[in-house]
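Order of the sequence lines sets the chain letters (A, B, ...), proteins ahead of strands, with each chain counted from 1.
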Protein chains: 2
Amino acid sequence: MLSKKTKYGIKALTYLAKQETGVPVSIATISEMENISLKFLESILLTLRKSGLLGSKKGKAGGYYLLKDPKDVKMTMVMRVLEGPIAMVSCVSLNYYEKCADCPDETACAVHHLMIRVRDSNLKIYGETSLADLISY
Amino acid sequence: MLSKKTKYGIKALTYLAKQETGVPVSIATISEMENISLKFLESILLTLRKSGLLGSKKGKAGGYYLLKDPKDVKMTMVMRVLEGPIAMVSCVSLNYYEKCADCPDETACAVHHLMIRVRDSNLKIYGETSLADLISY
DNA sequence: TATTACCCTACTAATTCTATAGGAGTAAAG
DNA sequence: CTTTACTCCTATAGAATTAGTAGGGTAATA
């Protein structure tokens, strides 16, 4: 299951992608427009800013804004920041590899092989989908 | 992330798929061979039996066995039983559809569109992979 | 300097995951 | 017919994660 954090994060990002570039939008505005708890959204946007996806402006008329063109924001990046590794088991993770404690031989593990296929297909989708694609509906 | 339950369940199923068909294997044997906590495995196998994937024989020399040919056990079924719906959000689930509370218009929701793609690609993989494929390594 | 809005830490409530406990029931072997 | 070796089933508990809340701090702008 997708976490609410990721779901809300993507909604917020697409909302920002629809705005004029560089114009800050306040947390309160996004919260109202997308029906997201203000405080929860605040922490999500903070995460997105720290990851380099968003910029922010303080004070009156401040808020968050996209740092890149929506075309250049791939869902691979978004998912990794919000949801964590794309792989469903760490033994097939490209960026966060870890050996399974219970598994003596990875190459003989059925789960391993299955999850490599799943990872590759998901990576493909996230890699070829950008924020711009998502707001084109 | 894949739950341990699913991981262990798949390992147990592939272990059974490697045995002579119809010959029961005890929980204890699978537990030792696959390094899975005995009691946890017990509850997993029970789930698999109730779902119709496994049969069991009680008493001495009893145990669990596959009810179908490994070729006919698709991962779609296995994943649904162990991990739950394939869809990452319920608004794109084929079997467990539910409207999102926070989302006024599904067709305009970016998350919805993205998750349909992910669901379809995962369904494809699980649908074309059987237990027989997984033990062929 | 008052206001607006982001920044940050800490905490709590709820849920899910990962088992564990303990016994009841069943079948086969001696 | 009794022992042994299994599955069956319910309940529950500890750990981890998720989801959300509280509250004050800090910077920028008018």
Any base atoms under 4.0 Å from B/K7, or only sugar-phosphate, or nothing? Heavy atoms, all strands.
nothing

Is B/K5 near enough to C/dT16 that one of its side-chain N or O atoms lies under 4.0 angstrom from OP1 or OP2?
no

Take atom NZ of B/K60 and atom P of C/dG30, then tell me their distance rounded to the nearest Å.
6 Å

Within less than 4.0 Å of OP1 or OP2 of D/dA5, is there a side-chain N or O belonging to B/S26?
no

Within the structure shown, what part of the strands sits under 4.0 Å from A/K4 by heavy-atom distance: base, sugar-phosphate, or nothing?
sugar-phosphate

Whole Å only: how far is the CG atom of B/L46 from the C1' atom of D/dT7?
9 Å

Among D/dT10, C/dC6, D/dC8, the one nearest any side-chain atom of B/E42 is D/dC8

When you match B/E83 and B/G59 each to their closest nucleotide on DNA chain C, which lands nearer the 5' end?
B/E83

I'd like to know whether A/V111 forms a side-chain contact (heavy atoms from CB on, under 4.5 Å) with B/T14, so could you lay out the CA-CA distance, the side-chain angles of the two residues, the decisive distance to 0.1 Å, and finally the verdict.
CA-CA 9 Å; A/V111 179; B/T14 50; over 6 Å; no

Nearest-angstrom distance from the residue atom CZ of A/F40 to C1' of C/dA13:
13 Å

Rounded distance in Å - NZ (B/K50) to P (D/dT7)
15 Å

Looking just at side-chain N and O atoms, do A/T29 and A/S26 make a donor-acceptor pair shorter than 3.5 Å?
yes

Please give, in whole Å, the distance from C/dA19 C1' to B/L45 CG?
14 Å

What I'd like to find out is whether the side chain of A/V89 reaches to under 4.5 Å of the side chain of A/H112, using heavy atoms alone.
no

Separation of A/Y65 atom OH from C/dA5 atom P, in whole Å?
16 Å

Would you check if there is a donor-acceptor pair between the side chains of B/T6 and B/S3 at a distance under 3.5 Å?
yes

Is there a side-chain contact between A/S43 and the phosphate of C/dC8, meaning an N or O under 4.0 Å from OP1 or OP2?
no

Is B/K39 side chain donor-acceptor paired with the C/dG22 base, going by distance under 3.5 Å alone?
yes

Between P of D/dA30 and NZ of A/K58, the distance in whole Å:
17 Å

Whole-Å distance between D/dA19 C1' and A/L38 CG?
15 Å

Verify whether one side chain among A/D133 and A/S130 offers a donor that lies under 3.5 Å from an acceptor in the other.
yes

Do the side-chain N or O atoms of A/R49 get closer than 4.0 angstrom to the phosphate oxygens (OP1, OP2) of C/dA5?
no

Does A/I27 reach a base, just sugar-phosphate, or nothing at all? Heavy atoms under 4.0 Å.
sugar-phosphate

State whether B/Y8 places a side-chain N or O below 4.0 Å from either non-bridging phosphate oxygen (OP1 or OP2) of C/dA19.
yes

